[in-house]
Amino acid sequence: MILRNLNDIRKSDQNVRADGWASARMLLEQDGMGFSFHVTTLFAGAELKMHYQNHLESVFVLKGKGTIEDLGTGKTHKLKAGDLYALNDHDRHILRPETDMLTACVFNPPVTGKEVHDESGAYPAAEREPVPAD
């Protein structure tokens with residue numbers, strides 16, 4: 001069993017900050033769950049262009065409001081508390097929080113914990129050991 005406290009994680013090196021966001025990495029690849037779980041705050045006024053080429057992500061908005069623009073379709077969707085979006089096709093997107101947005105995020109494959117977005121808006125692919133055949 002794994003037990004963690006959000007306030008403890010926010011005081012540790014598992015709380016990663018970059019321009020426009022801060023992410024408390026609650027579960028990481030080393031935990032062996034097959035996904036990582038983050039509590040992320042997106043700061044009001046940021047424009048966050050992202051393209052997770054190596055990960056799938058699902059995001060649940062706990063607090064705040066903003067928009068997400070799907071760069072593949074050109075459509076912009078409003079986001080508010082209670083909404084979930086899933087980047088199930090490595091979707092290129094721009095997040096624009098109108099207020100600080102508190103979110104819960106799941107990544108597959110899991111992140112290691114130190115990733116920040118590269119110039120394309122992606123997290124780099126982690127080096128993984130091949131899974132042995134049965």
Side-chain angles (χ1 to χ4, degrees):
M1 181 179 295
I2 300 168
L3 295 171
R4 302 231 165 93
N5 178 274
L6 177 59
N7 289 327
D8 292 342
I9 295 292
R10 285 182 169 157
K11 295 173 191 171
S12 78
D13 64 354
Q14 285 183 220
N15 194 61
V16 178
R17 293 183 67 94
D19 285 342
W21 58 270
S23 184
R25 309 301 176 60
M26 303 293 293
L27 288 172
L28 297 169
E29 180 180 45
Q30 68 195 24
D31 295 314
M33 296 290 295
F35 61 90
S36 57
F37 181 82
H38 314 195
V39 176
T40 301
T41 302
L42 308 167
F43 300 117
E47 183 169 291
L48 305 166
K49 186 174 184 178
M50 293 179 262
H51 183 199
Y52 295 117
Q53 300 167 53
N54 305 303
H55 298 85
L56 298 175
E57 181 192 26
S58 178
V59 177
F60 183 70
V61 180
L62 297 163
K63 189 187 300 186
K65 65 179 182 173
T67 61
I68 185 169
E69 180 181 352
D70 180 335
L71 295 175
T73 65
K75 292 183 181 176
T76 298
H77 307 275
K78 292 185 179 290
L79 297 172
K80 64 185 180 318
D83 290 340
L84 176 134
Y85 66 87
L87 303 168
N88 62 323
D89 197 23
H90 304 284
D91 309 275
R92 291 181 313 114
H93 61 288
I94 300 175
L95 282 167
R96 296 182 180 96
E98 297 168 17
T99 65
D100 284 358
M101 292 174 60
L102 181 64
T103 64
C105 313
V106 175
F107 280 85
N108 184 17
V111 302
T112 63
K114 302 301 181 194
E115 292 87 351
V116 293
H117 299 100
D118 66 17
E119 62 281 346
S120 72
Y123 288 151
E127 297 287 327
R128 290 185 165 64
E129 293 293 320
V131 176
D134 290 334

- Message: How long is the straight-line distance from NE2 of His55 back to CE of Met50, given to the nearest 0.5 Å?
- Response: 13.5 Å
Please tabulate, for side-chain N and O atoms in residues 74-88, each donor-acceptor pair with protein atoms closer than 3.5 Å (sequence neighbours left out).
unit_1, atom_1, unit_2, atom_2, d
Lys80, NZ, Asp83, OD1, 3.3
Asp83, OD2, Lys80, N, 2.9

- Message: To check you understand the geometry: which heavy-atom pair defines the closest contact between Gly20 and Ala46, and what is its length?
- Response: CA-CB, 3.8 Å
- Derivation of the side chain to side chain contact (heavy atoms under 4.5 Å, CB included) call for Leu28 and Val111: CA-CA 6 Å; Leu28 297 169; Val111 302; 4.1 Å; yes
- Query: Under 4.5 Å between side-chain heavy atoms, hopping through other hydrophobics if needed: is there a path connecting Leu27 to Leu102?
  - Reply: yes
- Message: Under a 3.5 Å distance rule, please check whether His90 uses its side chain to pair with a backbone N or O of His51 as donor and acceptor.
- Response: no
- Query: Looking only at heavy atoms, what is the nearest atom pair of Phe43 and Ala22, with distance?
  - Reply: CE1-N, 3.8 Å
- In terms of heavy-atom contacts, Asp91 and His93 come closest through O-ND1, 3.0 Å
- Message: Checking the side chain of Thr103 only, and the main-chain atoms of Val59 only, is there a donor and an acceptor separated by less than 3.5 Å?
- Response: no
- Report yes or no: do Met26 and Leu42 belong to one cluster of Ile/Leu/Val/Met/Phe/Trp/Tyr joined by side chain heavy-atom distances under 4.5 Å? no
- Item | Heavy-atom pair with the smallest gap, counting every atom of Pro110 and Gly34 | CD-O, 3.6 Å
- Task: Check the hydrophobic clustering (I, L, V, M, F, W, Y; side-chain heavy atoms under 4.5 Å; chains of links allowed) and say if Val39 and Met33 are grouped together.
- Result: yes
- Query: Is it true that a side-chain atom of Asn15 and a backbone atom of Ile9 form a donor plus acceptor pair closer than 3.5 Å?
  - Reply: no
- Rounded to the nearest 0.5 Å, how far apart are SG of Cys105 and CH2 of Trp21? 10.0 Å
- Query: Is it true that Phe107 and Phe60 fall in one hydrophobic cluster, defined by side-chain heavy atoms closer than 4.5 Å?
  - Reply: no
- Message: List the residues meeting salt bridge (charged side-chain N to carboxylate O under 4.0 Å, His left out) with Arg10, not counting sequence neighbours, and say none if there are none.
- Response: none
- Item | Linked, directly or transitively: Tyr52 and Met101 (ILVMFWY side chains, under 4.5 Å) | yes
- Between Gly64 and Val61 the two heavy atoms that sit nearest each other are O-CG1, 4.0 Å
- Minimum heavy-atom distance between Gln14 and Arg25, given as atom pair plus value: NE2-O, 2.6 Å
- Query: Say you draw a straight line from NZ of Lys49 to CZ of Arg96; how long is it, rounded to the nearest 0.5 Å?
  - Reply: 10.0 Å
- Distance (rounded to the nearest 0.5 Å) between Glu69 CD and Leu95 CG: 10.5 Å
